[in-house]
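Please read the structure below before turning to the comments.
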Amino acid sequence: MKDALAIHRELLARGVPHEIVRLRRIILSADELPDALGLPASQCLAVRVYEADDTLVAVCVPAGTTPAPSALLHATGAQRIGLAPVDRINAETDFAGGLVAPLLLPDHVQVLADASVPAREVLYSPTGESGTALGIHSKDLLAVSRARVASLLTPTLVDLDSDLSSLVPPRRRQA
């Protein structure tokens, strides 16, 4: 399994400034990073892995958030989208399912980042380990991860309600 040391070595080799932070407690999911670090959720990334048709897509979003399905379909050009099974995530990324890092992913895994990610100077992400996090400048993270930035948290009408009748104003009765 890939871990903090592998990420650290890769970033050192590329000359990318970063820090590996030891967490105050063990985490099982990237959504626990804000609490473990004492930081706002918007400064911590969760990497959600989806199957877009048959391809894996790693989606970087603020911890505690989930991308809108229609936004993912649009960004990937896929016909169908769904969460990837944990065993496939582990096998293809070599990271623990809930702690996937946005770095060191195989070339066949497309990486997307929500448009809110570049707004933060420094971000913290999982390292694949339950006791550490990666601190890195957002611009460096986007460059090294090969992430394509897209608006992924914005739901469309399709995501909000399958019954769109609530959006149609009632007819006025004519006397």
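Nothing here was measured: the structure is a model prediction, and the numbers come from that model.
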Worksheet item: So do Arg48 and Val100 actually touch side chain to side chain, heavy atoms under 4.5 Å?
Response: no
Discussion item. Just so I know, are the side chains of Asp140 and Arg14 near enough to count as touching, which here means a heavy-atom distance under 4.5 Å?
Written reply: no
Item to complete: Specify the closest pair of heavy atoms between Asp53 and Gln79, including all atoms of both residues, with the distance to one decimal.
Response: OD1-N, 3.0 Å
Worksheet entry | Polar side chain donor-acceptor pair, Glu19 to Tyr124, under 3.5 angstrom | yes
Fill in: Leu104 reachable from Leu45 in the ILVMFWY side-chain graph, under 4.5 Å edges
yes
Worksheet item: Is it the case that one hydrophobic cluster holds both Leu123 and Val149, taking links as side-chain heavy atoms less than 4.5 Å apart, direct or via other members?
Response: yes
Practice prompt. Could you walk me through whether Leu33 and Gln43 pass side chain to side chain contact (heavy atoms under 4.5 Å, CB included), step by step?
Written response: CA-CA 9 Å; Leu33 272 176; Gln43 201 169 351; over 6 Å; no
Worksheet item: Do we see a donor-acceptor contact under 3.5 Å between the side chains of Asp114 and Ser116?
Response: yes
Discussion item. I need the Thr76 OG1 to Ile81 CD1 distance, nearest 0.5 Å.
Written reply: 4.5 Å
Worksheet item: So, for Phe95 and Thr127, which heavy atoms are closest and what is the spacing to 0.1 Å?
Response: CE2-O, 3.6 Å
Discussion item. Under 4.5 Å between side-chain heavy atoms, counting indirect links through other Ile/Leu/Val/Met/Phe/Trp/Tyr residues: same cluster for Leu105 and Leu142 or not?
Written reply: yes
Fill in: Verdict with reasoning, Arg24 to Asp35, per salt bridge (Lys or Arg N to Asp or Glu O under 4.0 Å)
CA-CA 9 Å; Arg24 294 181 271 188; Asp35 184 54; over 6 Å; no
